[in-house]
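Take a look at the structure set out below.
As the structure is a computational prediction, the values presented were derived from the model and not from experiment.
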Amino acid sequence: MTSHIPPFNQSPTLIPKPEPLSDSDPQAPIPPSSIFNFNTTVEAPLEPNLLCREFNNVAETFRSAFAQRLKRHEDVTVLDSLTGAIVPVQEEEEPVPISYSLNDPSPSLVTRKPKPQERSSELVRITDVGPEGERQFREVVRKTRMIYDSLRIFLILDEMHEEFGMARRRGRPDSKAASMMKERFLWLNRDKRIVGSIPGVQVGDIFFFRLELCVMGLHGQTQAGIDYLIGSRSSNGEPIATSVIVSGGYEDDDDQGDVIIYTGHGGQDKLGRQAEHQKLEGGNLAMERSMYYGIEVRVIRGFKYENSVSSKVYVYDGLFRIVDSWFDVGKSGFGVFKFRLERIEGQVEMGTSVLKFAKTLKTNPMSVRPSGYISFDISNRKENAPVYLFNDIDNDQEPLYYEYLANTSFPRGILFQQSDNASGCNCINGCSSGCLCEMKNGGEFAYDYNGNLIRLRPLIHECGPACKCPPTCRNRVTQKGLRSRLEVFRSVETGWGVRSLDILHAGAFICEYVGVALTREQANILTMNGDTLVYPARFSSARWKAWGDLSQVFPDYEPPSYPQIPPVDFAMDVSKMRNVACYISHSTDSNVIVQLVLHDHNNLMFPRVMLFAAENIPPMTELSLDYGVSDEWSPKLAICD
DNA sequence: GGACGCTCATATAC
DNA sequence: CGTATATGAGCGTC
């Protein structure tokens, strides 16, 4: 039993309907007259035609209304005579960010609390950023996510530290991190309301908290499912929806992937049960108006995922169009608004589809990929988790021909040269602040309580055989081996590659880079025979040096200083024995980083080479490592010169 | 501008 | 383990 939404209380003839958007090209070329040039925070040395951050207005409606705004306010003027671009004049006073101190992250001591940065009402669509622009926006997004996560983890550790003795309620580090960043003006896209995709955020990107979506500008509501620009601040007085979260909060939702029947909000009681009729107001009205104007919405899906960080992840699934809306009787018997969302074509596969696919691959791989498997575990049970070998493009089976080595083997005799095995901790209940092993790590453990790397450092000393702490000690991570399901696969672009079937949270341990370690002298001899050697010293993690740097949040932040270690001067022979890491592709834009770790011996000259996720990596995304070789030189291994 | 209410969060207790 | 409850942040509304 359905009935149509009553006509909107305004004459449609006064509202010019925008050109219908093409399905194949959701971001049609911008007419020059509609190019707006805004000041943004991104300093981008782009090519001239890409230089201006070009935002085109959403529709004819808003374009004309913008002119009215010009008259109403005097903070906008046409400045650029060449392009006719409209450039907003800077705010009269630059707001002063709140000051935090590392020792007291609470803002209570701050005398003057600046007013929070208001949400803009400027509705724009950002188009034609170009590959170089996209790369730079991506970098900004990546950096911001890094700060958010580092700050969140810092707050957790800080709280743990304080909690000794007193049973204080745990706060919400996810929300605390977000508000601190907001006060420091570190939220992205606050100076505009973006319709369509957010520059630097890609379909398939995974987030762990609702507030993280707020920080990115993907979705500004902390709980509400529909985000929209309110009518009173919109240029034509009508609300416009910009994004929705599909998270299973309404029983009348029907999520079929590319088509979603989305329920409007309202009418629920405190327990989330539908107890009243919904009304055509707020987000519901905005959805209806977005449908009328053909304006696309971003869709973010909540996805149940057993995870050490949270029990749920949020996946950006791309742009959808609202094609229908009606008033319906829900399962509860109360009236609800429903919106039919259809995914705009021409976008990459949805992140949630990939998540579901990867999940099936872990439990029932043949059901979704009946052919192509060469092995269901090339490690032959030497790893904790099976390592798949998959090739559906040619007959190459190369990885089968190497003996699988789960850990690097070091030359006999070198391991105990500096042996003073007495140096272990006595933490029978697991290491905690102030213990010997924390001291060995420069007074700060390298991992958080989920076993994620907090920041890069020259060397990590994990607890070892001489320590009395249990295997669950937070200072034992890489020694416990694989934590995620990996797959070696064949691709046209990169040859052999590696991907994970699990989500890899930034800082998650992936695997050791394994080979037969050789001293410099041994390596020199072998090289003459033309063997393939990997030099750990060449691996580059330069791009991730700033990881964990909170100086933008705490002005007095100083990166911790760690004792220097002698340069790594050994090679690894992977010509006969190797592990999964050997198949990771090279990229200067890598998503995997190298961290040296000691755990089973203490010879500083021969640390183990451990690989960690440098950022949140969705399942099925190819892993890459910067081998420190030039780009045109494509082979994966750094061969000795 | 400020108080209030609403919301497809989140953590914890039972 | 699901469910109930407590504590919320941000934003829209009035």
Side-chain angles (χ1 to χ4, degrees), chain A residues 107 113-121 148 152 155-156 159-160 163 167-183 187 189-190 193 207-234 237-255 260-276 278-279 281-287 297-315 317 330 332 336-339 341 352 449:
Chain A
K113 187 162 183 166
K115 54 180 176 187
Q117 187 183 16
E118 261 188 44
R119 233 183 158 191
S120 167
S121 58
Y148 176 79
R152 189 181 60 80
L155 293 170
I156 292 172
E159 206 169 53
M160 294 279 193
E163 219 163 73
R168 201 163 53 87
R169 243 197 78 79
R170 285 198 61 189
R172 289 272 305 270
D174 59 312
S175 71
K176 179 85 177 156
S179 22
M180 287 176 71
M181 286 181 72
K182 191 183 184 189
E183 284 163 349
W187 284 26
N189 303 310
R190 291 288 287 183
R193 289 293 285 272
F207 303 87
F208 294 89
F209 298 93
R210 281 289 293 263
L211 280 152
E212 200 179 356
L213 304 176
C214 296
V215 175
M216 298 305 138
L218 251 194
H219 189 85
Q221 306 286 347
T222 49
Q223 290 192 22
I226 304 170
D227 196 15
Y228 60 102
L229 176 64
I230 58 175
S232 61
R233 300 193 64 185
S234 146
E238 297 180 46
I240 294 296
T242 52
S243 56
V244 297
I245 307 239
V246 187
S247 202
Y250 282 82
E251 58 188 358
D252 295 307
D253 279 1
D254 183 11
D255 187 352
I260 304 165
I261 308 300
Y262 192 84
T263 313
H265 63 192
Q268 289 188 331
D269 62 14
K270 287 195 170 70
L271 295 169
R273 288 176 305 219
Q274 204 67 43
E276 277 179 64
Q278 293 185 344
K279 294 173 189 150
E281 60 186 23
N284 299 347
L285 179 57
M287 289 289 279
V297 291
R298 294 182 290 275
V299 168
I300 300 111
R301 279 191 171 89
F303 192 91
K304 233 178 113 97
Y305 194 88
E306 284 323 312
N307 181 284
S308 56
V309 178
S310 57
S311 59
K312 199 178 194 182
V313 297
Y314 294 95
V315 189
D317 268 345
S332 62
V336 294
F337 282 94
K338 288 191 172 176
F339 303 95
L341 308 187
T352 44
Y449 287 94

Checking all strands, does [X] fall into the base, sugar-phosphate, or nothing category for heavy-atom contacts under 4.0 angstrom?
X	answer
Gly248(A)	base
Arg152(A)	nothing
Asp227(A)	nothing
Gly283(A)	nothing
Gly220(A)	sugar-phosphate

Rounding to an integer number of Å, can you tell me how far [X] [atom1] sits from [N] [atom2]?
X	N	atom1	atom2	result
Lys176(A)	dT10(B)	NZ	P	18 Å
Ile226(A)	dC6(B)	CD1	C1'	13 Å
Gln221(A)	dC8(B)	CD	P	9 Å
Lys338(A)	dC8(B)	NZ	P	16 Å
Lys304(A)	dC8(B)	NZ	P	19 Å
Leu211(A)	dG10(C)	CG	P	6 Å
Arg119(A)	dT13(C)	CZ	C1'	15 Å
Asn284(A)	dC6(B)	CG	P	15 Å

Should the ring pair Phe303(A) and Tyr305(A) be called parallel, tilted or perpendicular, given that the plane angle runs from 0 to 90° and is split at 30 and 60?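 Because their plane-to-plane angle lies in the 30° to 60° range, the rings of Phe303(A) and Tyr305(A) count as tilted.
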
Is Tyr262(A) stacked on the base of dC8(B) when the test is centres under 5.5 angstrom and planes under 30 degrees?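 One would call Tyr262(A) stacked on the dC8(B) base.
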
Who pairs with dC8(B) - Watson-Crick or G-U, where each distance is under 3.5 Å: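 Here dC8(B) is not engaged in any pair, so there is no nucleotide opposite it.
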
Check His219(A), Arg298(A), Gln221(A) against Asp227(A) for a side-chain hydrogen bond (donor to acceptor under 3.5 Å, both in side chains) and give me the one that passes.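 Among His219(A), Arg298(A), Gln221(A), the one meeting side-chain hydrogen bond (donor to acceptor under 3.5 Å, both in side chains) with Asp227(A) is Gln221(A).
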
[X] side chain N/O closer than 4.0 Å to the phosphate oxygens (OP1, OP2) of [N]?
X	N	result
Tyr228(A)	dT13(C)	yes
Arg210(A)	dG10(C)	no
Ser175(A)	dT10(B)	no
Lys270(A)	dG5(B)	no
Lys182(A)	dA9(C)	no

Taking Ile261(A) as the fixed residue, which of Asp254(A), Asp252(A), Asp255(A) is the one that meets the side-chain contact (heavy atoms from CB on, under 4.5 Å) rule?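 That would be Asp254(A); it is the only one of Asp254(A), Asp252(A), Asp255(A) passing the side-chain contact (heavy atoms from CB on, under 4.5 Å) with Ile261(A).
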
Checking side-chain contact (heavy atoms from CB on, under 4.5 Å) against Tyr314(A), which of Ile300(A), Val246(A), Leu218(A) comes through?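 Of the listed residues Ile300(A), Val246(A), Leu218(A), the side-chain contact (heavy atoms from CB on, under 4.5 Å) partner of Tyr314(A) is Ile300(A).
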
If we ignore hydrogens and angles and just use 3.5 Å, is the side chain of Gln268(A) paired with the main-chain N or O of Glu276(A) as donor and acceptor?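 Such a contact is absent between Gln268(A) side chain and Glu276(A) backbone.
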
Most 5' of Ser311(A) and His265(A) on DNA chain B, judged by nearest nucleotide: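 Per heavy-atom nearest nucleotide, the more 5' residue is His265(A).
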
Nearest nucleotide by nearest heavy atom, which residue falls closer to the 5' end of DNA chain B, Tyr250(A) or Ser310(A)?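 Looking at the nearest nucleotide for each, Tyr250(A) comes out on the 5' side.
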
Taking only the side-chain heavy atoms of [X] (C-beta and beyond), determine which of [options] contains the nearest atom.
X	options	result
Ser247(A)	dA9(C), dC8(B), dT10(B)	dC8(B)
Arg193(A)	dA9(B), dT7(B), dG12(C)	dG12(C)
Ile230(A)	dT13(C), dA11(B), dA9(B)	dT13(C)

Roughly how far apart are Asp174(A) CG and Ser179(A) OG, rounded to 0.5 Å?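 Answer rounded to 0.5 Å: 9.0 Å.
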
Taking the nucleotide of DNA chain C with the nearest heavy atom to each, does Gly231(A) or Arg273(A) sit closer to the 5' end?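 The residue closer to the strand's 5' end, by nearest nucleotide, is Arg273(A).
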
Identify, between Gln117(A) and Arg172(A), the residue whose nearest nucleotide on DNA chain C lies closer to the 5' end.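 Looking at the nearest nucleotide for each, Arg172(A) comes out on the 5' side.
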
Closest heavy-atom pair and its distance - Phe208(A), Ser310(A):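 That closest heavy-atom pairing would be O-OG, 3.4 Å.
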
